[in-house]
**Student:** 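Here it is, the structure, as structure tokens.
Residue numbers count from 1 along this sequence. Source: prediction; values computed, not measured.
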Amino acid sequence: GNWWDNSDMNAPAARFDEVTDRDISVRGNDNYGIYGIGEAILFEEGKSTIRPQAEADLKQVVASIKKRYNNGNIRIYGYTDSVGTAGNNKQLAEQRAEAVKNWLIQSGNLPAGNLTTHPIGEGQPQASNATQQGRKQNRRVEIVAAASGTGATGSGGTGGAGDTSAGRTGATGGASA
């Protein structure tokens, strides 16, 4: 089976010494790390442009990925709350995941071929969408990095569906940034 399908997105909280910013949640182990950053840190509400203040957080995530999961594959998941239509939320999640991916490539110098985006939208909420606090928790981006050699290689650059879309969006993403 595919390693990604078996990775536990509810992995236990982890303490990585190099991640000191409390705005970043970290879960995982030696094989993979899940770095969560809330919408309020990364973006203005309803927008998909990364805020300048978020760059320090992203730099810590990049440093941690390079230290622990160098040359491994990285997936960027975008999540929203349930306010608005599911289609709009999925689109916003996609734009935000793409913005983070482009930052990781251009400013974080991570290899473009290792990064893919996975917009979830309002599915898989972490908390109840019935409260303001819950909705805030649900608006987030998670960067999941897998160590090379864990079998988390996706289609390995053989031109699978994920690879071609990642390459296409990566090629056009830079121009619109």
**Student:** Using distance only, find each side-chain donor-acceptor pair of residues 58-66 under 3.5 Å and give its atom names and separation, not counting sequence neighbours.
**Tutor:**
unit_1, atom_1, unit_2, atom_2, d
Gln60, OE1, Thr20, N, 2.9
Gln60, OE1, Asp21, N, 3.1
Gln60, NE2, Thr20, OG1, 2.9
Ser64, OG, Glu18, OE2, 2.6
Ser64, OG, Tyr35, OH, 2.6
Lys66, NZ, Gly108, O, 2.8

**Student:** Run the salt bridge (charged side-chain N to carboxylate O under 4.0 Å, His left out) test against Arg139 and tell me which residues pass, sequence neighbours left out.
**Tutor:** Glu39, Asp81
**Student:** So, the side chain of Thr117 versus the backbone of Ala97: is there a donor-acceptor pair under 3.5 Å, distance only?
**Tutor:**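 Pair absent, no side-chain N/O of Thr117 close to backbone of Ala97.
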**Student:** CD1/Ile37 to CG/Asp57 distance, rounded to the nearest 0.5 angstrom?
**Tutor:** 5.5 Å
**Student:** Using 0.5 Å steps for rounding, measure from the CD atom of Glu122 to the OH atom of Tyr79.
**Tutor:**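 It comes to 13.5 Å.
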**Student:** Is there a side-chain contact (heavy atoms from CB on, under 4.5 Å) between Val83 and Arg135? Walk through the geometry before answering.
**Tutor:** CA-CA 8 Å; Val83 175; Arg135 289 190 297 274; 3.6 Å; yes
**Student:** Mind running side-chain contact (heavy atoms from CB on, under 4.5 Å) on Val100 and Asn102 for me, showing each step along the way?
**Tutor:** CA-CA 5 Å; Val100 170; Asn102 289 333; over 6 Å; no
**Student:** Under the rule for salt bridge (charged side-chain N to carboxylate O under 4.0 Å, His left out), what residues qualify as partners of Arg140, not counting sequence neighbours?
**Tutor:** Glu142
**Student:** Closest heavy-atom contact between Pro119 and Ala93?
**Tutor:** CB-C, 3.9 Å
**Student:** Show me the pairs that pass ring-ring contact (aromatic ring centres under 6.0 Å, His included) and involve residues 125-148, at least two apart or across chains.
**Tutor:** none
**Student:** Let me check something: do Val19 and Ile74 share a hydrophobic cluster, defined by ILVMFWY side-chain heavy atoms less than 4.5 Å apart, either directly or through other members?
**Tutor:** yes
**Student:** Return yes if a side-chain donor-acceptor contact under 3.5 Å exists between Asn71 and Asn114, otherwise no.
**Tutor:**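 There is no such pair between these side chains.
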**Student:** Quick test of your reading: applying ring-ring contact (aromatic ring centres under 6.0 Å, His included), list the pairs with at least one residue in residues 108-129, sequence neighbours left out, ordered by first then second residue.
**Tutor:** Tyr77-His118
**Student:** Just by modelled atom types, is the Gly33 backbone N or O under 3.5 Å from a matching donor or acceptor in the Tyr69 side chain?
**Tutor:**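 Checked: pair present.
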**Student:** Would you say NZ of Lys136 has more than 12 non-hydrogen atoms from neighbouring residues, nucleotides or ligands within 6.0 angstrom?
**Tutor:**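 Not more than 12 within 6.0 Å, no.
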**Student:** Do any side-chain atoms of residues 47-55 form donor-acceptor pairs under 3.5 angstrom with protein atoms, and if so which ones, sequence neighbours left out?
**Tutor:**
unit_1, atom_1, unit_2, atom_2, d
Arg51, NH1, Ala40, O, 2.6
Glu55, OE2, Trp103, NE1, 3.3

**Student:** Stepwise, does the side-chain contact (heavy atoms from CB on, under 4.5 Å) test hold for Glu98 with Gln95?
**Tutor:** CA-CA 5 Å; Glu98 200 63 43; Gln95 290 165 345; 5.6 Å; no
**Student:** Checking Asn88 side chain against Gly84 main chain: does a donor-acceptor pair fall under 3.5 Å?
**Tutor:**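 No, the answer is negative, given that no donor and acceptor are paired below the 3.5 Å cut-off.
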**Student:** Using the rule given for side-chain contact (heavy atoms from CB on, under 4.5 Å), can you reason through Leu104 versus Ile76, listing the C-alpha separation, both sets of side-chain angles and the distance that settles it, and then say yes or no?
**Tutor:** CA-CA 10 Å; Leu104 293 174; Ile76 301 140; 3.9 Å; yes
**Student:** Got a second to check how far Asn89's CG is from Ile120's CD1, nearest 0.5 Å?
**Tutor:** 12.5 Å
**Student:** With a 3.5 Å distance limit and no angle check, can you tell me whether Asn138 reaches the backbone of Ala127 through a side-chain donor-acceptor pair?
**Tutor:**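 Such a contact is found between Asn138 side chain and Ala127 backbone.
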**Student:** Consider only side-chain heavy atoms of I, L, V, M, F, W and Y, link residues closer than 4.5 Å, and tell whether Val141 and Leu92 are in one cluster.
**Tutor:**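 Unlinked, Val141 and Leu92 end up in two clusters.
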